[in-house]
Number of protein chains: 2
Amino acid sequence: MRKENSTNAINERILNGLCQTAHTLSVIGGRWKPTILWRLLEGKMRYHELKKSISGISERVLVLQLRELENDQLITRIVYPEVPPRVEYELTPLGRSLESLLEHMCSWGEMHRDATRQAGELAVSKN
Amino acid sequence: MRKENSTNAINERILNGLCQTAHTLSVIGGRWKPTILWRLLEGKMRYHELKKSISGISERVLVLQLRELENDQLITRIVYPEVPPRVEYELTPLGRSLESLLEHMCSWGEMHRDATRQAGELAVSKN
DNA sequence: CCGGACGCTAACCCAGAGGTTAGCGCTTTC
DNA sequence: GAAAGCGCTAACCTCTGGGTTAGCGTCCGG
């Protein structure tokens, strides 16, 4: 038995229980999750459309993130029993309820980037 | 030389550049950062106070997260040149501008937890 | 003169997120 | 009959965030 495993994981669970902010992070905190959610906010999409519209993501990771989002009940996976297989992903109401939060994060990010870039440029041009 | 390192890191940089939401996540996404920010929203705190008020965090990680927050210009580190050393951490205006976002995340997290817990309980009690 | 408060830093370790490559089973198109 | 579209899965590797342990330099209280 190896050391009553990982304070790391334990800490994470405790925090997610105590702090709803941490919980939210654990839900949308995957590298590609915001991107996926943005895409789906525009309407349901097929697996391959998602794949092509998100440049840089690998299939494995895309599937993993989709599964996690599904588990967290943010998206639904709809399989059409058709000849060439067809699978669509769609936001649940819970998923759509993220829209305003995502927008909030996005605009804060923009503001923060501008604010810090300015500071950087000032430091450079201060000659 | 080892393989033009890490698509991982590259992807992260690209995403943070393109997607402000991802950028925001990179700023507040540390395990303990939300907790630290919540504490500091109530007023400036000394290093040891923070340490004691956040149970489970290790000194190393606390320092790391504080340094990152400082780099991102969310907090200021104030050193008083005193006999027993004294250091205080305080939110910058930029840091305080996170308050509404944190609240938003917090309430969404609560809502999401309730929604999913219900579903879980239903599944259990459905006998 | 011993220990503790204070605010750290250094050295090390490990689990897990994310990436790479290959392949599957079915179908349509050339 | 070869190749490509579709939606995946399996096996493997790498890097990094977070955790553990130890210690430092200055001071004060007992």
Side-chain angles (χ1 to χ4, degrees), chain A residues 1-16 22 25-36 44-70 75 77-89, chain B residues 1-16 22 25-36 44-70 75 77-89:
Chain A
M1 200 151 324
R2 66 161 49 224
K3 202 196 208 174
E4 215 290 287
N5 213 350
S6 67
T7 323
N8 197 323
I10 296 172
N11 274 344
E12 193 181 352
R13 247 173 286 128
I14 293 178
L15 258 182
N16 284 222
L25 279 178
S26 77
V27 173
I28 58 171
R31 158 113 19 119
W32 302 93
K33 283 183 187 171
T35 316
I36 296 175
K44 60 170 74 160
M45 288 186 88
R46 300 183 59 172
Y47 174 81
H48 241 69
E49 289 181 291
L50 272 174
K51 171 79 207 301
K52 276 179 297 184
S53 82
I54 303 180
S55 88
I57 196 171
S58 75
E59 306 229 16
R60 193 185 88 98
V61 172
L62 176 54
V63 171
L64 281 179
Q65 309 256 310
L66 287 170
R67 294 288 175 275
E68 285 178 27
L69 291 171
E70 208 189 340
I75 64 176
R77 180 164 174 267
I78 312 167
V79 185
Y80 299 85
E82 291 181 0
V83 202
R86 189 151 69 98
V87 178
E88 286 183 343
Y89 292 92
Chain B
M1 205 154 319
R2 66 163 48 225
K3 203 195 206 173
E4 214 289 288
N5 213 355
S6 68
T7 323
N8 198 324
I10 296 173
N11 273 344
E12 193 181 353
R13 247 172 287 128
I14 293 178
L15 259 181
N16 284 227
L25 279 178
S26 79
V27 172
I28 59 172
R31 160 114 14 121
W32 303 93
K33 284 184 188 172
T35 315
I36 295 175
K44 59 172 74 159
M45 291 187 85
R46 298 182 61 170
Y47 173 81
H48 240 69
E49 289 181 292
L50 271 174
K51 171 79 204 304
K52 276 180 295 183
S53 82
I54 303 180
S55 90
I57 196 172
S58 73
E59 305 228 16
R60 194 185 87 100
V61 172
L62 176 54
V63 172
L64 280 179
Q65 310 256 310
L66 287 170
R67 294 289 176 273
E68 284 177 30
L69 291 171
E70 207 190 339
I75 64 176
R77 181 166 175 267
I78 312 166
V79 185
Y80 298 83
E82 290 181 0
V83 199
R86 189 153 70 99
V87 176
E88 286 183 344
Y89 293 92

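Below, read A as the first sequence line, B as the second, and so on, with proteins coming before strands; counting in each chain starts at 1.
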Lys52(B) atom NZ is separated from dA5(C) atom C1', nearest whole Å, by 9 Å
Side-chain atoms of Arg67(A) come closest, of dG19(D), dT9(C), dT9(D), to dT9(D)
Distance below 4.0 Å between Arg86(A) side-chain N/O and dG5(D) OP1 or OP2
no
Rounded to whole Å, the OH-C1' distance (Tyr89(A) to dG7(D)) equals 8 Å
Note to self: Using a 4.0 Å heavy-atom cut-off, does Tyr80(A) contact any base of the nucleic acid, only the sugar-phosphate backbone, or nothing at all?
What the structure shows: nothing
From CD1 of Ile57(A) across to P of dT20(C) the rounded distance in Å is 12 Å
Heavy atoms of Leu25(B) and Pro34(A) approach each other most closely as CD1-CG, 3.6 Å
note: Trp32(B), atom CH2; dG18(D), atom P; distance rounded to Å ~ 10 Å
When rounded to whole Å, the CD to C1' distance for the pair Glu68(B) and dT16(D) reads 11 Å
Separation of dT26(D) atom P from Glu82(B) atom CD, nearest Å, is 17 Å
From CG of Leu64(B) across to C1' of dG19(D) the rounded distance in Å is 11 Å
Checking dT9(D), dT9(C), dG18(C) against the side chain of Val61(A) (C-beta onward), the nearest is dG18(C)
Has the side chain of Arg60(B) got a donor or acceptor that lies under 3.5 Å from a partner of the other kind on the base of dG19(D)?
yes
Report task. Would you mind classifying the nucleic acid contact of Arg46(A) as base, sugar-phosphate or nothing, using non-hydrogen atoms under 4.0 angstrom? Result -> sugar-phosphate
Side chain to side chain contact (heavy atoms under 4.5 Å, CB included) test vs Tyr47(A) passes for just one of Arg86(A), Glu59(A), Glu88(A), namely Glu59(A)
When rounded to the nearest 0.5 Å, the distance separating CG of Leu50(A) from CD of Gln65(A) is 12.0 Å
Glu49(B) side chain to Tyr89(B) side chain, donor-acceptor N/O pair below 3.5 angstrom: no
Phosphate OP1/OP2 of dG5(D): any His48(A) side-chain N/O under 4.0 Å:
no
**Message:** Does Glu59(B) reach a base, just sugar-phosphate, or nothing at all? Heavy atoms under 4.0 Å.
**Reply:** base
With the side chain defined as heavy atoms from C-beta on, Pro85(A) is closest, among dT20(C), dG18(C), dC6(D), to dC6(D)
Looking only at dG7(C), dG18(C), dT9(D), the nucleotide nearest the Gln65(A) side chain is dG18(C)
Among the nucleotides dG18(C), dG7(C), dG18(D), whichever has the atom closest to the side chain of Tyr47(B) is dG7(C)
Minimal heavy-atom distance between Ser26(A) and Lys33(A), with the atoms involved, is O-NZ, 4.1 Å
note: Arg31(B), atom CZ; dC14(C), atom P; distance rounded to Å ~ 18 Å
